[in-house]
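What follows is one structure encoded as structure tokens, with my remarks underneath.
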Amino acid sequence: MEIGGFFTAIIIGLIIGALGRLVVPGKQSIPIWLTLLIGIVAALLGTVVAGLLGVDDTRGIDWIELLIQVVFAAIGVALAAGAYGRRRVR
């Protein structure tokens, strides 16, 4: 991966992670680095799933791929918020 691709993955991960946080109702008490990590993983998984479904390369913006990525991010944020919140309970 080139350095430009690395920075692009981070930016896309932040956007996808932030969109995932917006979709999940309530307050998520997870750090920004975890949101970034979830976003990057969700973007990669969403791209793979979109490729398997054959919707990864369409004309214009790949809305279906973006939707799949945000759904993965929302699931990841919800799971992380639940696990992270339980860890802090005393």
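Residues forming a side-chain contact (heavy atoms from CB on, under 4.5 Å) with Pro25 (at least two apart in sequence, or on another chain): none.
Shortest non-hydrogen contact noted between Arg21 and Gln28 is NH2-O, 2.6 Å. Considering every non-hydrogen atom in both Tyr84 and Ser29, the closest pair reads CD2-O, 3.0 Å.
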Give the table of side-chain donor-acceptor pairs shorter than 3.5 Å for residues 63-83, with sequence neighbours excluded, one pair per line with atom names and distance.
residue	atom	partner	partner atom	Å
Glu65	OE2	Thr47	OG1	3.0
Gln69	NE2	Ala43	O	3.1
Gln69	NE2	Thr47	OG1	3.0

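Thr35 has its side chain within reach of Ile30: a pair of non-hydrogen atoms, C-beta onward, lies under 4.5 Å apart. A 4.5 Å side-chain heavy-atom check between Leu44 and Val48 finds every atom pair outside the cut-off.
When each of Ile40, Leu36, Leu19 is tested with Leu14 by the rule side-chain contact (heavy atoms from CB on, under 4.5 Å), just one qualifies, namely Leu36.
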